[in-house]
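Reviewing the structure listed below.
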Amino acid sequence: MLKAKIAGLGYYVPERIVTNEELTKYMDTSDEWIQERTGIKERRYADKHKETTSTMAAHAARIAIDRAGISKEEIDFIIFATLSPDYYFPGCGVLLQRELGITSQECGALDIRNQCSGFVYGLSIADQFIKSGMYKNILLVGSEMHSMGLDFSDEGRNVTVIFGDGAGAVVLQPTTDEGKGILTTCLHSDGTNAEELAMINPGSHGGYHLGTEKFGYPDVNTPGGVFVTQKMVDDNLLAPNMSGQLVFKTAVVKFPEVIHEALDKTGLTTADIDVLVPHQANLRISQFIQRSLRLPDDKVINNIQKYGNTTAASIPIALCEAWESGKIKDGSLVCLAAFGSGFTWGSALIRW
Ligand code: UT7
């Protein structure tokens with residue numbers, strides 16, 4: 001029976017470190033508040049003059065491809081997860097293909113928009129393609145350049161202090177090794193609270209102000225339309241918004257639930273988990289999950305302290321760091337879990 005395994009992995013974070021202290025220059029916040037509520041000490045911001053979401057992804061991808069022991073031309077499918085793409089369209093998958101210099105038109109590229117769960121969703125898609133025999137070398141990337149789209153005024157502080165930039169990549173290949181590879185993936189969604197963690201403008205609604213007027217700003221109905229209106233700029237609507245407490249309360253329920261679901265499906269228990277890599281949403285959320293699953297400190301990977309929340313990139317970056325540090329060994333049972341905007345959430349169990 002064919003399974004998918006992670007054959008190579010890599011990550012990239014930009015050089016520029018932005019401390020909590022630096023953020024206090026732009027908005028009314030404090031190192032103490034940020035650390036106490038989120039655990040974050042610093043994050044990285046990309047260089048806007050020479051980096052984009054897809055160039056960061058390419059750095060991570062080159063490492064993953066090299067570690068998988070293949071050439072870039074052997075990649076037969078690209079899956080790119082991001083909420084902060086280079087362009088509104090086309091998606092980052094083809095930009096990454098071009099950046100890597102993959103000239104083979106045999107390679108397909110798929111972009112997925114599942115925010116914090118993007119990597120787990122991508123892993124599940126890759127798993128199905130590999131198990132079916134359709135592809136042999138899938139490049140899966142999560143990359144985010146949040147710093148270009150955040151609101152650095154006091155109004156945006158609850159969102160802005162959390163997020164950072166970075167990229168993580170894996171190469172997936174088939175394996176027939178007994179018991180090894182991706183054992184299962186679980187995916188879920190519930191659109192009820194879609195706007196509670198979202199960047200709503202610009203969009204096909206023509207301007208949407210949460211809590212006040214709904215669809216269609218006055219200046220969008222002229223022939224030709226106006227995608228980004230002056231009113232959106234004036235009303236400061238071109239940034240993400242988040243109901244932090246709702247996200248927090250839902251996340252601490254859904255994370256353990258979806259991890260138990262994966263364990264139940266495979267006949268395993270929490271005691272079998274060697275390494276848990278949760279999406280790095282908030283250190284307090286990860287600590288809550290750890291307590292709920294009764295896992296010891298050394299089994300849970302936390303790096304949000306130095307990178308913040310990098311959304312689709314957070315799991316592959318943390319996974320790669322854990323692997324590089326020797327925490328993930330041959331035979332380790334690795335559990336990935338994510339929750340975020342949508343809301344969407346998911347988990348994966350991998351026997352390394
Ligand atoms: O990947 C998924 C992405 N999102 C998440 O996982 C987010 C989950 N939620 C959270 O992490 C937390 O809800 C936050 C860290 C975002 C906020 O923490 P909180 O304990 O829920 O704070 P709050 O939103 O209830 O705000 C408490 C106070 C408010 O002031 P008042 O009304 O009590 O005077 C906020 O205005 O903290 C204020 N506040 C800040 N103060 C200093 C909000 N953001 C900041 C800030 N610095 N950055």
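Whatever order the structure lists them in is the order used to number ligands and atoms, beginning at 1.
Of the charged side-chain nitrogens involved, none lies within less than 4.0 Å of a carboxylate oxygen, so that E51 and R16 do not count as a salt-bridged pair. Look at K180 and D330 and you find a salt bridge, because one of the NZ, NE, NH1 or NH2 atoms lies within 4.0 Å of a carboxylate O, short of that distance.
Residue pairs meeting the side-chain hydrogen bond (donor to acceptor under 3.5 Å, both in side chains) criterion with at least one partner in residues 97-108, sequence neighbours excluded, are E73-T103.
The closest donor-acceptor contact from the side chain of S332 to the backbone of K329 lies under 3.5 Å. Checked by atom type and distance alone, the side chain of D272 pairs as donor or acceptor with a backbone atom of T269 at under 3.5 Å.
Within 4.0 Å of ligand 1, protein heavy atoms belong to D28, T29, W33, R37, T38, C116, R157, N158, V161, I162, L197, M242, G244, Q245, V247, F248, H279, A281, N282, I285, N309, listed by chain and number.
Just one residue in the list E321, Q280, R44 forms a side chain to side chain donor-acceptor pair (under 3.5 Å) with Y307, and that residue is E321.
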